[in-house]
Enquirer: 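My questions all concern the structure below.
The sequence lines fix the lettering, A, B, ..., with proteins before strands; numbering per chain opens at 1. On a predicted model such as this, the values are computed, not experimentally measured, just so you know.
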2 protein chains.
Amino acid sequence: MSGTEPQFTTSLELLRWIGWAQMMAGQDWVRERDLSREQSFALGFLVQNPGSMQRDIAEMTRTSAASVSSLLQGLEKRGLIERRIGGGDQRSKRVYATPAGAELIAGFDIAMNDLEEKILAPLDEQERVTLHALLTKVTSVLPQPTRD
Amino acid sequence: MSGTEPQFTTSLELLRWIGWAQMMAGQDWVRERDLSREQSFALGFLVQNPGSMQRDIAEMTRTSAASVSSLLQGLEKRGLIERRIGGGDQRSKRVYATPAGAELIAGFDIAMNDLEEKILAPLDEQERVTLHALLTKVTSVLPQPTRD
DNA sequence: GGTTGACAGTTAGAGTTCAAACTATTAAAG
DNA sequence: CTTTAATAGTTTGAACTCTAACTGTCAACC
């Protein structure tokens, strides 16, 4: 990852565990903006980690380089992101959210926090800590999905 | 669901929570047979719940009726399942795994148990019980994804 | 310098998913 | 009996995912 910890890391981790998030509140927020869930996460990540490499995004979303490539194509076509070849390595592309993209995604982290709150509602504070600890423990030994 | 509890319910529930199962051992088992993960689950479910309605499958996989429809098309084309219109309701189709399908999927539950064991390896028995309880608690208040 | 291998990203093709619009059947209401 | 609404399933189109094969760049080693 690119150093700083994105604000919505917690929600994102949780959403990974909870596949059912598909049908939940996040959808409405996202649909109003004509963004897919995946596009939203990528865009939000780019606002908080400007200049990330596509490889970073693949790692963050735990998908493949190919997926990121096509995902970003859609965002680029709509002018929400930019890909620049800069720095030393001519292979890697630095990805940035455009002002339009940043404006569109503003408030996403708050919406994700609300969603997380909804999902965790049945658990008290202690239980949440326990759940997080257990999931982290399991996660730690799982291999990375991007094995290219 | 259709009364009886499929053997691999536990694994399936776990896989729902653990999106990362995508890249794990189950893949190999499944790839040898040229089945996708989703096809495998559907076929395994049908072996243990012969004559299920497509609606049952949608509920089990927590996807939509449309998804099941296209999923089964692939399996039917390969002769692994059959869809029969029988019983009272002419709308519903009873789905059965063919002998070829049942043979192809044999051992899937064992493979899934192995996979589950791998994923849960870092947790002791007590922790597994706790994790399951917490996930169940969260699950209980989540809406069903198929809302058609 | 030239070869070899790793790495960043893309493309093509198949499979899955969803929403929305559609057929056909069943049930409920009038 | 007729109309209306719900249900089971399909189809279409768009988006995402993956694997496999590909281009282009960088690094290491001879």
Enquirer: For A/R33 and A/E103, what are the C-alpha separation, side-chain angles and deciding distance, and is it a salt bridge (charged side-chain N to carboxylate O under 4.0 Å, His left out)?
Expert: CA-CA 11 Å; A/R33 288 159 178 77; A/E103 208 221 338; over 6 Å; no

Enquirer: Rounding to an integer number of Å, can you tell me how far A/D34 CG sits from C/dA19 P?
Expert: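 Rounded to the whole Å, the gap is 14 Å.
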
Enquirer: For the pair made of CD1 in A/I57 and C1' in D/dT17, what is the distance, rounded to whole Å?
Expert: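 It works out to 16 Å between those atoms.
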
Enquirer: Rounded to the nearest Å, what distance is computed from the CG atom of residue B/L71 to the P atom of nucleotide D/dT11?
Expert: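 About 14 Å, once rounded to whole Å.
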
Enquirer: Round to the nearest Å and state the distance from A/L35 atom CG to C/dC18 atom P.
Expert: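 It is 19 Å, rounded to the nearest whole Å.
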
Enquirer: By nearest nucleotide on DNA chain D, pick out whichever of A/V68 and A/D89 is the more 5' one.
Expert: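 The residue mapped nearer the 5' terminus is A/V68.
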
Enquirer: Where do B/L72 and B/I57 come nearest, in terms of heavy atoms and distance?
Expert: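 Closest heavy-atom pair between B/L72 and B/I57: CD1-CD1, 4.1 Å.
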
Enquirer: Hey, is B/E76 close enough to B/R78 for a salt bridge, meaning N to O under 4.0 Å?
Expert: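 Between B/R78 and B/E76 there is no salt bridge, as every charged N stays at least 4.0 Å from the carboxylate O atoms.
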
Enquirer: Write down the atom of B/A65, the atom of B/A58, and the distance for their closest heavy-atom approach.
Expert: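 Of all heavy-atom pairs spanning B/A65 and B/A58, the closest is N-CB, 4.3 Å.
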
Enquirer: Using every non-hydrogen atom in the two residues, find where A/V47 and A/A102 come nearest and quote the distance to one decimal.
Expert: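 That would be CG2-CA, 3.9 Å.
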
Enquirer: Looking at the side chain of B/S70, which of D/dT17, C/dA20, C/dT17 is the nearest nucleotide?
Expert: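 Nearest listed nucleotide: C/dT17.
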
Enquirer: Take the protein atom NZ of B/K93 and the nucleotide atom P of C/dA24, then report the distance between them rounded to whole Å.
Expert: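 Between P of C/dA24 and NZ of B/K93: 12 Å.
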
Enquirer: Which nucleotide sits closest to the side chain of B/R55: C/dG9, D/dC16, D/dG9?
Expert: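 Nearest to the side-chain atoms of B/R55, counting from C-beta on, is D/dG9.
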
Enquirer: Is the shortest side-chain N/O distance from B/S36 to OP1 or OP2 of C/dT16 below 4.0 Å?
Expert: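 For C/dT16, OP1/OP2 do have a side-chain N/O of B/S36 under 4.0 Å.
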
Enquirer: List in numerical order all residues of residues 72-81 of chain A for which some heavy atom is under 4.0 Å away from an atom belonging to DNA chain C.
Expert: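 Correct list: A/Q73.
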
Enquirer: Let's go through B/E82 and B/R94 carefully: what are the C-alpha distance in whole Å and the side-chain angles of both, what is the deciding distance for salt bridge (charged side-chain N to carboxylate O under 4.0 Å, His left out) to 0.1 Å, and is it a yes or a no?
Expert: CA-CA 8 Å; B/E82 271 179 6; B/R94 301 283 165 174; over 6 Å; no

Enquirer: Can you tell me which nucleotide in D/dC18, D/dA15, D/dG9 comes closest to the side chain of A/S67?
Expert: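 My answer, after comparing the listed nucleotides, is D/dC18.
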
Enquirer: Taking the six-membered ring of B/Y96 as reference, does the cationic atom of B/R83 (NZ for Lys, CZ for Arg) lie under 6.0 Å from its centre and within 45° of its axis?
Expert: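 Judged by the rule, B/R83 and B/Y96 form no cation-pi pair.
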
Enquirer: May I have the distance from B/M53 (atom CE) to D/dA6 (atom C1'), rounded to whole angstrom?
Expert: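 B/M53 atom CE is separated from D/dA6 atom C1' by 13 Å.
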
Enquirer: Could you pick out which residue, A/S92 or A/A66, lies toward the 5' side of DNA chain C when each is mapped onto its nearest nucleotide?
Expert: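 Nearer the 5' end of the strand: A/S92.
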
Enquirer: Just compare C/dG9, D/dC16, C/dT16 and give me whichever is closest to any side-chain atom of A/E38.
Expert: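 Ranking C/dG9, D/dC16, C/dT16 by closest atom to the A/E38 side chain puts D/dC16 first.
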
Enquirer: Send over the distance from B/F41 CZ to C/dT17 P, rounded to a whole Å.
Expert: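 Rounded to the whole Å, the gap is 12 Å.
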
Enquirer: Between B/T130 and A/L131, is any pair of side-chain heavy atoms under 4.5 Å apart?
Expert: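 Contact flag for B/T130/A/L131 side chains = no.
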
Enquirer: Taking only side-chain N and O atoms of B/S64, does any of them lie within less than 4.0 angstrom of OP1 or OP2 on C/dC18?
Expert: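 For C/dC18, OP1 or OP2 has a side-chain N or O of B/S64 closer than 4.0 Å.
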
Enquirer: Choose from C/dT10, C/dT26, C/dT16 the nucleotide whose nearest atom is closest to any side-chain atom of B/Q90.
Expert: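 Nearest to the side-chain atoms of B/Q90, counting from C-beta on, is C/dT26.
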
Enquirer: Any idea which of D/dT17, C/dT10, C/dC18 is nearest the B/T63 side chain?
Expert: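 Per side-chain heavy atoms of B/T63, the pick is C/dC18.
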
Enquirer: Find which nucleotide of DNA chain C each of A/R91 and A/R83 is nearest to by heavy atoms, and output the residue with the more 5' nucleotide.
Expert: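 Between the two, 5'-proximity favours A/R91.
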
Enquirer: Please report, rounded to the nearest Å, how far the P atom of C/dG9 is from the CD1 atom of A/I85.
Expert: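 From A/I85 CD1 to C/dG9 P: 9 Å.
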
